[in-house]
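Please read the structure below before turning to the comments.
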Amino acid sequence: MEKHLLEQYLADHHREAYLWARQCCRYDDEQAKDVLQAACLKIWEGRAHYNNQSSFRTWLFAVIRYTALDSLREKHPAIVDEPGDHLGLHADEPPEEPVDYEALLQQLPARQAQVLLLAFYHNMTLEAIATVMDISLGTVRTHYDRGKKQLKELLSRTRVQDHGRR
Amino acid sequence: MEDDKILESFFDGMKQADAQRPVPPLEKPTPVRRLWSPGIRYSAAAAVTIFLVAVLYTVRKRAQEPTAQTRDVVIEVGQRSTPTGSLVDMPEQTLSEWTSPTSSLSEDF
C-alpha cells in the first residue's frame, strides 16, 4: 500500500484506534498513546504489512491489540496470554460508581470484554472479531455468549445496588 | 433480543462518555534514519563473516602442514686434550743431572 493512502487510512481511523488501544490497555491513557504510536510506527516502517485479506480497520485493530499485549507483558511479566486476566478486578467487588463502564468491563475476563467491545462498541461482525482476536469463530461465539451473560448479571447487580442506595 | 437492548444501551452510554474524551493528535511517526540501507548492512555482515571464515581456514590449513625441515647439525670432533693438563713448565733433566730431593737427608744422617 502506498504511503499517502496508508497515512489517510490511519488518519480516518485514528479516533477509534485510540479508543481501542485504550480499551486494550485497561483504560490507561498514557499507555494507550504509546501503544498507538508504536502500532503506527510498525505500520509505517512496514513491520506490520496489510495484505488486503480483511478490511483495513480490522487489520489495524489486530495490530493494536498485539502491540498492547506486548506492552502489557513488558510492564507486567506475569501476563502470559491476555491483559486483564490476572490483573482485573474480581467479580465480587462491585464498582463504586453507579455506572462505571470501564470498571464493569474490567470485571469480565479480558477476552470476553474485548469481544463485547468489538461487537457492541465498534460494531464489528463476529468474523471480523475472530480476525482481530486471532481466534476461531466458534471461540468468539463462546466468549460473546458468556460475556453477554456475565455483563448482564453485573448490570442487574449494579442496578439493585443503585436502587438500594436510593 | 431484549437482553441485547440492555447491552446496547450500556455500550451507547459508554460511547457517549467517550465522545467527550480528548484524543491525542495523530503524530506522523518519524522513522529512524540509518546511514546504510538494510541491504548494504546485510552484505557487509556477510562479507565480514566470509572473510573471517577464510582466515580461520587458512590458519588451520597452515597449522596442519609439516613443519620446516630441521637444519643439519655439524659436530666437530677435535684432538682430545690431556686430562691433567698443566700450565707449570717442567724443565726436562737427564738422568746424570738428576739429584734426589732427599739426598740431603742421607748426607746429614
Side-chain angles (χ1 to χ4, degrees), chain A residues 3-4 6-23 27 29-30 32-34 36-47 97-105 113 116-123 144-145 147-156 158-159, chain B residues 1-70:
Chain A
K3 288 261 176 182
H4 70 276
L6 202 63
E7 205 173 328
Q8 183 61 45
Y9 281 142
L10 285 174
D12 290 347
H13 294 96
H14 178 63
R15 183 175 177 82
E16 55 183 346
Y18 171 73
L19 292 172
W20 173 237
R22 194 171 167 274
Q23 287 157 0
Y27 310 99
D29 289 313
E30 287 306 311
K33 279 182 203 171
D34 293 344
L36 188 58
Q37 186 72 13
C40 287
L41 198 62
K42 266 187 201 173
I43 295 166
W44 201 253
E45 289 183 347
R47 283 182 285 139
E97 296 293 321
V99 183
D100 187 342
Y101 302 103
E102 294 166 6
L104 265 172
L105 284 170
L116 291 183
L117 280 164
L118 289 170
F120 287 96
Y121 189 101
H122 297 284
N123 300 317
Y144 180 74
D145 290 335
K148 278 203 305 185
K149 195 179 166 191
Q150 282 205 43
L151 186 57
K152 271 179 261 171
E153 281 177 17
L154 285 170
L155 282 171
S156 61
T158 309
R159 279 180 191 150
Chain B
M1 287 297 115
E2 180 67 25
D3 292 340
D4 282 0
K5 287 271 168 74
I6 296 168
L7 295 183
E8 278 168 16
S9 67
F10 171 82
F11 284 103
D12 283 344
M14 190 175 178
K15 276 185 195 175
Q16 282 173 12
D18 281 344
Q20 286 135 24
R21 189 174 300 284
V23 173
L26 175 64
E27 291 172 21
K28 189 178 169 182
T30 50
V32 181
R33 281 194 171 188
R34 295 195 170 93
L35 191 61
W36 292 337
S37 68
I40 294 173
R41 276 185 283 141
Y42 289 133
S43 306
V48 169
T49 309
I50 290 167
F51 174 74
L52 288 175
V53 169
V55 166
L56 194 68
Y57 176 75
T58 311
V59 167
R60 288 195 68 176
K61 200 175 177 185
R62 278 188 187 171
Q64 285 171 356
E65 280 175 4
T67 52
Q69 288 182 344
T70 52

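None of the values given here were measured: they were computed from a predicted structure. The sequence lines fix the lettering, A, B, ..., with proteins before strands; numbering per chain opens at 1. Any value given below was found using the heavy atoms of this structure, including those in side chains, with hydrogens, waters and symmetry copies removed.
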Given B:Phe10 and A:Leu116, is the side chain to side chain contact (heavy atoms under 4.5 Å, CB included) satisfied, shown in steps? CA-CA 11 Å; B:Phe10 171 82; A:Leu116 291 183; over 6 Å; no

Shortest non-hydrogen contact between A:Tyr18 and B:Pro22, atoms and distance: CE2-O, 4.0 Å

Which heavy atom of A:Cys40 sits nearest a heavy atom of B:Leu26, and at what distance? SG-CD1, 4.1 Å

For A:Leu36, is it the side chain, the backbone, both, or neither that has a heavy atom closer than 4.5 Å to a heavy atom of chain B? neither

Minimal heavy-atom distance between A:Tyr144 and B:Asp4, with the atoms involved, is OH-OD2, 4.4 Å

To the nearest 0.5 Å, how far apart are CG in B:Leu7 and NZ in A:Lys152? 5.5 Å

One should read off an interatomic distance between A:Leu19 CG and B:Lys15 NZ, to the nearest 0.5 angstrom, of 10.5 Å

A:Tyr121: partners by side-chain hydrogen bond (donor to acceptor under 3.5 Å, both in side chains), with sequence neighbours left out: B:Asp18

For the OH atom on A:Tyr27, are there more than 12 heavy atoms of other groups (residues, nucleotides or ligands in this structure) within a distance under 6.0 Å? yes

Has A:His14 got a side-chain atom pairing as donor or acceptor with B:Val23's backbone, closer than 3.5 angstrom? no

B:Arg60 atom CZ, neighbour heavy-atom count above 12 within 6.0 Å: no

Checking A:Gln23 against chain B: side chain, backbone, both or neither under 4.5 Å from a heavy atom? side chain

Salt bridge between B:Arg21 and A:Glu102, side-chain N to carboxylate O under 4.0 Å? yes

Heavy-atom closest contact (B:Ala19 atom, A:Arg15 atom, distance): O-NH2, 3.3 Å

Within-4.5 Å side-chain heavy-atom neighbours: B:Phe11 and A:Asn123: no

Region of A:Lys33 that comes under 4.5 Å of a non-hydrogen atom in chain B: side chain

